[in-house]
Amino acid sequence: MTKKHSLLEILMTSLKLGFTSFGGPVAHLGYFKNEYIDKRKWLDDKTYADIIAICQFLPGPASSQVGIAIGMLRGGFFGGVVSWFGFTIPSVALLILFALAYQSFTLGDATWIASLKVVAVAVVAHAVLGLGKKLTPDRPRIAIALIAAFTMLLFPSAIVQISIIVVAAIVGYVMFSKQAETKVQPFSVSITKKQGVISLSILAVLLIGLPIISQTVSNSYLSIFDTFFRVGSIVFGGGHVVLPLLEQEVVPNGLLSSGEFLAGYGMAQAVPGPLFTFASYLGTMISGITGGVIATVAMFLPSFLLIVGALPFLSELRKHSSFQGILTGVNASVVGILLAAFYDPVFTSSILSGAHFGLAAILFALMHFWKTPAWLIVIIGVVLGEIIAYFFV
């Protein structure tokens with residue numbers, strides 16, 4: 001396959017995911033697994049799990065970073081760009097249009113939004129079960145996952161999540177290094193270690209330099225870029241964690257009212273793709289379409305720089321038994337973190353009645369036993385949700 005054809009394949013595949021991946025970052029990992037690993041065999045389960053583990057260590061939108069990494073492994077740097085573009089652009093376009101039509105468009109409590117949340121429950125449950133079978137096959141790793149889940153449910157915060165991952169890495173190093181595989185399937189990436197170091201250096205320079213330049217040069221677009229680049233660089237814990245940080249950046253400063261912010265948040269929950277595209281809505285509300293594009297680029301640029309910085313070293317590190325042990329512990333803790341996220345916010349905010357639970361059970365069974373593709377689950381879920389609402393609610 002030529003590189004041109006490979007990029008086109010990456011674009012079309014990620015674009016399909018961008019239009020159908022509802023339910024937030026945990027659900028996205030399930031969609032990715034279905035499409036990239038189970039269906040297309042672009043990489044094996046262990047490599048996919050290792051990429052997820054690495055992205056859990058990095059700030060930024062973990063699911064987007066996983067998609068970028070898979071694109072880079074498949075088609076080099078531009079493969080990552082194309083993968084991100086396809087997965088992200090549907091959400092960006094919808095949120096920019098929503099911002100432009102805000103005065104005449106009301107989100108409300110539409111039935112289809114509730115149905116999409118139920119779809120997310122089925123997708124996340126399927127993803128957690130699938131990853132759990134692969135990453136927690138024995139009692140010690142099951143214990144790590146359960147402790148991680150219980151801790152996250154008791155103390156839900158980004159700092160606690162990072163602490164869990166760090167502790168799991170230490171436990172993995174102690175318990176699993178001697179059990180490491182002697183032969184690990186290598187993967188090739190066209191990004192060199194020198195380019196990785198340069199990428200991380202650019203990130204550091206921008207983090208230090210942008211606030212200084214923004215304060216000395218009065219330019220609204222530069223200010224938007226600085227704000228969203230900074231938030232995208234420091235957020236751990238995924239899309240829901242970024243929301244309070246963004247609220248502190250735009251509402252107290254008078255850039256948006258609280259009502260405008262919450263309206264965009266509601267719409268961001270309803271569209272497919274990464275929740276970080278909420279930045280597209282905010283940027284458009286602040287400074288038009290140009291502001292929306294600048295905010296989107298600034299929000300995701302740190303993810304690119306971090307992935308380019310990490311990937312060249314990942315393949316080499318995976319050969320070492322100590323690093324394999326660390327990843328084994330981290331992967332087990334990730335299952336627990338995903339399990340906690342499945343309960344709160346996915347389950348608690350989506351299953352509000354027995355009908356919702358029944359619909360989620362049907363959709364899960366269709367995915368798990370009948371191997372129904374995720375995009376079709378979205379359609380079936382919305383249609384069945386409308387039927388249930390019409391006849392029984």
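By convention here, the first residue in the shown sequence is residue 1.
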Q) Are any side-chain N or O atoms of N331 and backbone N or O atoms of L327, one a donor and one an acceptor, separated by less than 3.5 Å? A) yes

Q: Please work out which of the three classes, parallel, tilted or perpendicular, describes the rings of H126 and F364, given edges at 30° and 60°.
A: perpendicular

Q) With the 4.5 Å side-chain cut-off for hydrophobic clustering, are I289 and L95 part of the same group? A) yes

(Q) On a heavy-atom basis, which atom in H356 and which in S350 lie closest, and how many Å separate them? (A) ND1-O, 3.4 Å

Q. Taking the side chain from S91 and the backbone from G273, do they hold a donor-acceptor pair closer than 3.5 Å?
A. no

Q) Donor-acceptor pair, S214 side chain versus P211 backbone, under 3.5 Å? A) no

Q: Any chance you could measure K371, atom NZ, to N34, atom CG, to the nearest 0.5 Å?
A: 9.5 Å

Q | Test item: D44 side-chain N/O and K46 main-chain N/O as donor-acceptor pair under 3.5 Å | A | yes

Q: Treat each ILVMFWY residue as a node, draw an edge where side-chain heavy atoms are under 4.5 Å apart, and state whether F225 and V205 are in one component.
A: no

Q) Are M299 and V81 grouped together when hydrophobic residues (ILVMFWY) are joined by side-chain heavy atoms under 4.5 angstrom apart? A) yes

Q) Taking all atoms of both residues into account, what is the closest heavy-atom pair of P90 and L15, and its distance? A) CG-CD1, 4.1 Å

Q: Could you tell me which non-hydrogen atom of S322 sits nearest to which non-hydrogen atom of S177, and how far apart they are?
A: CA-OG, 3.5 Å

Q: Check whether the side chains of S280 and T296 place a donor and an acceptor atom closer than 3.5 Å, and report yes or no.
A: yes

Q | Heavy-atom side-chain contact between L29 and Y48 under 4.5 Å | A | yes

**Q.** Which residues share a salt bridge (charged side-chain N to carboxylate O under 4.0 Å, His left out) with D38, sequence neighbours left out
**A.** K33

Q. Residues in side chain to side chain contact (heavy atoms under 4.5 Å, CB included) with I198, at least two apart?
A. K194, I202

Q. Hey, are the side chains of F357 and V121 touching, using non-hydrogen atoms and a 4.5 Å cut-off?
A. no

Q | Donor-acceptor contact below 3.5 Å, side chain T372 vs main chain L366 | A | yes

Q) Any link between F78 and L73 through a network of hydrophobic side chains (Ile, Leu, Val, Met, Phe, Trp, Tyr) touching at under 4.5 Å? A) yes

Q. Rounded to the nearest 0.5 Å, how far apart are CD1 of I337 and CD1 of I165?
A. 4.0 Å

Q. Mind checking whether Y36 and F32 have parallel, tilted or perpendicular rings, split at 30° and 60°?
A. tilted

Q. Would you say the side chain of M152 lies within less than 4.5 Å of the side chain of Y343, judging by non-hydrogen atoms?
A. no

Q. Is there a donor-acceptor contact under 3.5 Å from the side chain of T88 to the main chain of F85?
A. no

(Q) What's the separation between atom OG in S115 and atom CD1 in I388, rounded to the nearest 0.5 Å? (A) 7.5 Å

Q) Angle class for the Y31/H28 ring planes (parallel below 30°, perpendicular above 60°, tilted otherwise)? A) tilted

Q | Cation-pi geometry met for R141 and F176 (6.0 Å, 45°) | A | yes

Q.
For G283 versus A295, what's the shortest heavy-atom pair and its separation?
A. CA-CB, 3.9 Å

Q. Less than 4.5 Å apart, any side-chain heavy atom of I51 and any of L43?
A. yes

Q) Got a second to check how far L135's CG is from L338's CG, nearest 0.5 Å? A) 9.0 Å

Q: Quick one: closest heavy-atom pair of E9 and T13, and the distance?
A: O-OG1, 2.8 Å

Q.
Starting from V217, can I reach I208 by hopping between I/L/V/M/F/W/Y residues whose side chains sit under 4.5 Å apart?
A. no

Q: Let me see the working for I191 and S199 under side-chain contact (heavy atoms from CB on, under 4.5 Å), right down to the final yes or no.
A: CA-CA 10 Å; I191 301 166; S199 179; over 6 Å; no

(Q) Determine whether L210 and L222 satisfy the following criterion, side-chain contact (heavy atoms from CB on, under 4.5 Å), listing intermediate values before the conclusion. (A) CA-CA 8 Å; L210 278 174; L222 180 61; 4.1 Å; yes

Q. For the atom pair CZ (F87) and CZ (F300), what is the distance rounded to the nearest 0.5 Å?
A. 8.5 Å

Q: Ignoring hydrogens and angles, state whether a donor on the side chain of S223 or D226 is under 3.5 Å from an acceptor on the partner side chain.
A: no

Q) Is there a side-chain contact between T136 and I144, using heavy atoms and a 4.5 Å cut-off? A) no

Q | Q215 side chain vs I212 backbone, donor-acceptor pair below 3.5 Å | A | no

Q) Step by step, would you call L203 with F229 a side-chain contact (heavy atoms from CB on, under 4.5 Å)? A) CA-CA 10 Å; L203 176 66; F229 184 87; 3.7 Å; yes

(Q) A side-chain contact here means heavy atoms from C-beta on lying under 4.5 Å apart; do Y281 and L256 qualify? (A) yes

Q.
With a 3.5 Å distance limit and no angle check, can you tell me whether S21 reaches the backbone of G18 through a side-chain donor-acceptor pair?
A. no

Q.
If you compare all heavy atoms of A340 against all heavy atoms of L153, which two are closest, and at what distance to 0.1 Å?
A. O-CD2, 3.7 Å

Q) Under 4.5 Å between any side-chain heavy atoms of L200 and L305, yes or no? A) no

Q: Could you walk me through whether D50 and I54 pass side-chain contact (heavy atoms from CB on, under 4.5 Å), step by step?
A: CA-CA 6 Å; D50 289 350; I54 291 296; 5.6 Å; no

Q: State the CG-CD1 distance between L384 and I379, to the nearest 0.5 angstrom.
A: 11.5 Å

Q | Validation row: F304, I68 side chains within 4.5 angstrom (heavy atoms) | A | yes

